[in-house]
Amino acid sequence: MLNLILFGPPGAGKGTQSEKIIARYNLIHLSTGDLLRSEIQAGSELGLRAKTLMDQGLLVPDEVVIGMIDHKLRDHRDAAGFIFDGFPRTVKQSEALDELLATYDQSISVMIALVVDDSELLSRLLNRGKTSGRPDDQNEELISKRIHEYNSKTKPVADYYQQQGKFVPIEGIGEIETIFAEINKAIDSVTSK
Ligand code: B4P
């Protein structure tokens with residue numbers, strides 16, 4: 001089973017590359033950002049709570065996203081593998097994910113981290129904000145807040161997987177296809193072991 005984490009700051013291209021990885025490796029896509037946005041659209045209580053935080057560029061509580069992932073893992077017991085996109089975003093979420101996977105005798109195979117500098121992130125997200133309608137993509141202050149949340153709470157997640165020997169950084173600036181080719185190489189070197 002291939003269990004892959006796609007990691008990187010907001011706007012690094014996680015959503016973009018996930019789509020291509022899923023098509024090639026037949027994995028189930030678990031994007032906590034997408035799951036939260038569908039809760040918001042459904043107008044659920046969870047969605048309403050999440051919206052207030054997401055609109056401020058803040059992370060939603062660990063318990064909320066861990067619960068969502070737990071449900072999705074249970075729904076897809078027969079999957080060939082999972083791609084975790086935008087999760088885990090805190091060390092607490094990483095520890096919870098390891099524990100959840102262990103209950104299925106599974107573990108993370110590899111973390112692929114897209115490396116992109118802050119000025120490129122800002123320009124990509126402002127650009128996406130023109131068409132996405134996402135409130136969190138529409139002003140510079142909010143995007144900087146998300147990058148700050150990433151640097152303070154999410155970056156330590158990379159160290160967590162580095163200590164397990166599972167961390168693979170990949171240059172995230174350049175042609176989407178070139179980046180995808182590098183991701184493929186990293187995945188194939190794990191699956192051929
Ligand atoms: P997410 O939905 O995860 O989204 P993201 O980090 O904003 O973007 P992503 O990296 O997927 O960028 P994309 O490929 O689209 O998070 C949104 C919010 O949800 C968070 O701020 C937080 O509040 C909450 N949340 C989610 N998960 C959580 C968790 N686990 N815990 C707590 N809170 C959580 O790319 C961005 C743009 O760049 C696109 O327009 C794309 O076209 C462009 N692009 C991509 N690759 C490119 C390339 N190579 N060159 C040029 N442009 C490129």
Side-chain angles (χ1 to χ4, degrees), residues 4-22 29-41 46-73 82-97 100 111-158 160 170-183:
L4 179 130
I5 297 172
L6 194 56
F7 185 76
K14 301 182 294 287
T16 306
Q17 295 293 339
S18 283
E19 282 181 27
K20 302 175 78 61
I21 297 169
I22 294 152
H29 185 209
L30 295 183
S31 158
T32 40
D34 288 351
L35 291 170
L36 289 166
R37 281 185 289 276
S38 55
E39 291 286 344
I40 292 171
Q41 253 192 330
L46 188 159
L48 291 175
R49 272 202 294 147
K51 184 175 178 356
T52 316
L53 294 161
M54 289 168 76
D55 285 354
Q56 296 174 71
L58 299 170
L59 294 180
V60 306
D62 289 330
E63 297 69 35
V64 172
V65 283
I66 292 166
M68 290 190 323
I69 292 286
D70 187 12
H71 284 140
K72 288 287 165 187
L73 289 177
F82 293 93
I83 175 164
F84 297 94
D85 164 6
F87 177 90
R89 260 175 156 99
T90 63
V91 170
K92 191 171 168 199
Q93 292 179 19
S94 314
E95 290 165 350
L97 179 59
L100 281 175
M111 164 184 268
I112 293 178
L114 295 171
V115 181
V116 177
D117 63 54
D118 290 0
S119 63
E120 171 75 11
L121 297 173
L122 183 63
S123 103
R124 283 186 191 178
L125 292 176
L126 284 173
N127 204 30
R128 182 171 71 182
K130 290 178 195 156
T131 53
S132 70
R134 274 178 58 171
D136 58 345
D137 281 346
Q138 300 202 1
N139 79 67
E140 203 167 320
E141 201 185 320
L142 211 55
I143 294 171
S144 299
K145 181 89 153 287
R146 286 159 66 195
I147 295 174
H148 175 78
E149 281 277 276
Y150 171 81
N151 285 325
S152 62
K153 296 180 183 159
T154 306
K155 240 182 180 172
V157 170
Y160 179 89
I170 285 182
E171 171 64 58
I173 297 184
E175 293 293 326
I176 288 171
E177 286 305 328
T178 312
I179 298 166
F180 182 53
E182 290 302 312
I183 292 176

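Counting from 1, the numbers follow the sequence of the chain as shown. What's counted below: heavy atoms across the whole structure, side chains too, no hydrogens, waters or symmetry copies. Counting convention: from 1, in listed order, for ligands and their atoms alike.
A 4.5 Å side-chain heavy-atom check between Gln93 and Val65 finds at least one atom pair inside the cut-off. Ile143 has its side chain within reach of Leu126: a pair of non-hydrogen atoms, C-beta onward, lies under 4.5 Å apart. Inter-residue side-chain proximity for Phe7 and Thr154 is flagged as met; some heavy-atom pair is nearer than 4.5 Å. Two residues are said to be in side-chain contact when any heavy atoms from C-beta on lie closer than 4.5 Å; Glu182 and Ile179 fail this criterion. Residues Arg146 and Leu125 meet the side-chain proximity criterion, which asks for heavy atoms closer than 4.5 Å.
In this comparison of Gly15, Gly13, Gly172, the heavy atom closest to atom 11 (O) of ligand 1 sits on Gly15.
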Q: Quick one: do Leu4 and Phe84 satisfy side chain to side chain contact (heavy atoms under 4.5 Å, CB included)? Show the steps, please.
A: CA-CA 6 Å; Leu4 179 130; Phe84 297 94; over 6 Å; no

Q: Give the C-alpha distance, both sets of side-chain angles, the deciding distance and a yes or no for salt bridge (charged side-chain N to carboxylate O under 4.0 Å, His left out) between Lys145 and Glu149.
A: CA-CA 6 Å; Lys145 181 89 153 287; Glu149 281 277 276; over 6 Å; no

Q: Take Lys14 and Asp85 through the salt bridge (charged side-chain N to carboxylate O under 4.0 Å, His left out) test and state the conclusion after the steps.
A: CA-CA 6 Å; Lys14 301 182 294 287; Asp85 164 6; 5.5 Å; no

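In terms of protein heavy atoms, atom 19 (O) of ligand 1 is closest to Met54 CE, 3.2 Å. The single protein non-hydrogen atom nearest to atom 1 (P) of ligand 1 is Arg89 NH2, 3.8 Å, given as residue, atom name and distance. Scanning the protein heavy atoms around atom 8 (O) of ligand 1, the nearest turns out to be Gly11 N, 3.4 Å. Of the protein's heavy atoms, Arg146 NH2, 2.6 Å lies nearest to atom 7 (O) of ligand 1. The protein non-hydrogen atom at the shortest distance from atom 22 (C) of ligand 1 is Leu58 O, 3.8 Å. When hydrogens are left out, the protein atom nearest atom 48 (C) of ligand 1 is Arg124 NH2, 3.3 Å; that is the closest non-hydrogen contact. Of all protein heavy atoms, the one closest to atom 27 (N) of ligand 1 is Thr32 OG1, 2.7 Å. Nearest non-hydrogen protein atom to atom 36 (C) of ligand 1 is Arg128 NH1, 3.4 Å.
Residue Val60 has at least one heavy-atom neighbour below 4.0 Å for each of these atoms of ligand 1: 32 (C), 33 (N). Listed by atom number, the atoms of ligand 1 under 4.0 Å from Pro9 heavy atoms are 10 (O). For ligand 1, the atoms lying closer than 4.0 Å to a non-hydrogen atom of Gly33 are 2 (O), 26 (C), 27 (N). Which parts of ligand 1 touch Phe87 is read off a 4.0 Å heavy-atom cut-off, strictly below it: atoms 30 (N). Near Gly86, meaning under 4.0 Å from one of its heavy atoms, ligand 1 places the atoms 27 (N), 28 (C), 29 (C), 30 (N). Using a 4.0 Å cut-off to heavy atoms of Gly174, the atoms of ligand 1 that qualify are 48 (C), 49 (N), 50 (N). Distances below 4.0 Å separate heavy atoms of Ile179 from the following atoms of ligand 1: 49 (N). Using a 4.0 Å cut-off to heavy atoms of Leu36, the atoms of ligand 1 that qualify are 24 (C), 25 (N), 26 (C), 34 (C).
Smallest separation of non-hydrogen atoms from His29 and Ile83: CA-CG2, 3.6 Å.
When heavy-atom distances to ligand 1 are checked against a 4.0 Å cut-off, Arg134 comes that close only through its side chain, counted from C-beta outward. Proximity of Thr16 to ligand 1, defined as any heavy-atom pair under 4.0 Å, is shared by backbone and side chain alike. Residue Lys14 touches ligand 1 through backbone and side chain together, judged by heavy-atom distances below 4.0 Å. At a heavy-atom distance under 4.0 Å, no atom of Gln17 approaches ligand 1. Residue contacts with ligand 1 for Arg37 involve side-chain atoms from C-beta outward but no N, CA, C or O (heavy atoms, distance under 4.0 Å).
Using a distance-only test at 3.5 Å, with no hydrogens or angles considered, a donor-acceptor pair links the side chain of Arg124 to the main chain of Ala12.
Annotation: the span from Met54 atom CE to Leu36 atom CG amounts to 5.0 Å, rounded to 0.5 Å. Separation of atoms CD1 (Ile69) and CG (Leu35) is listed at 6.0 Å; rounding is to 0.5 Å. Note that CD of Glu39 is 12.0 Å distant from CG of Asp34, once rounded to the nearest 0.5 Å.
The shortest N or O to N or O distance between Asp136 and ligand 1 is not under 3.5 Å. Looking at ligand 1, you won't find any N or O of Ile176 less than 3.5 Å from one of its N or O atoms. For ligand 1, none of its N or O atoms has an N or O atom of Ser31 under 3.5 Å away.
Using a 4.0 Å cut-off between a side-chain N of Lys or Arg and a carboxylate O of Asp or Glu, Glu177 and Lys20 qualify as a salt bridge.
For Ala50, the heavy-atom gap to ligand 1 stays at 4.0 angstrom or more.
In this structure Lys155 satisfies the salt bridge (Lys or Arg N to Asp or Glu O under 4.0 Å) test with no other residue, sequence neighbours excluded.
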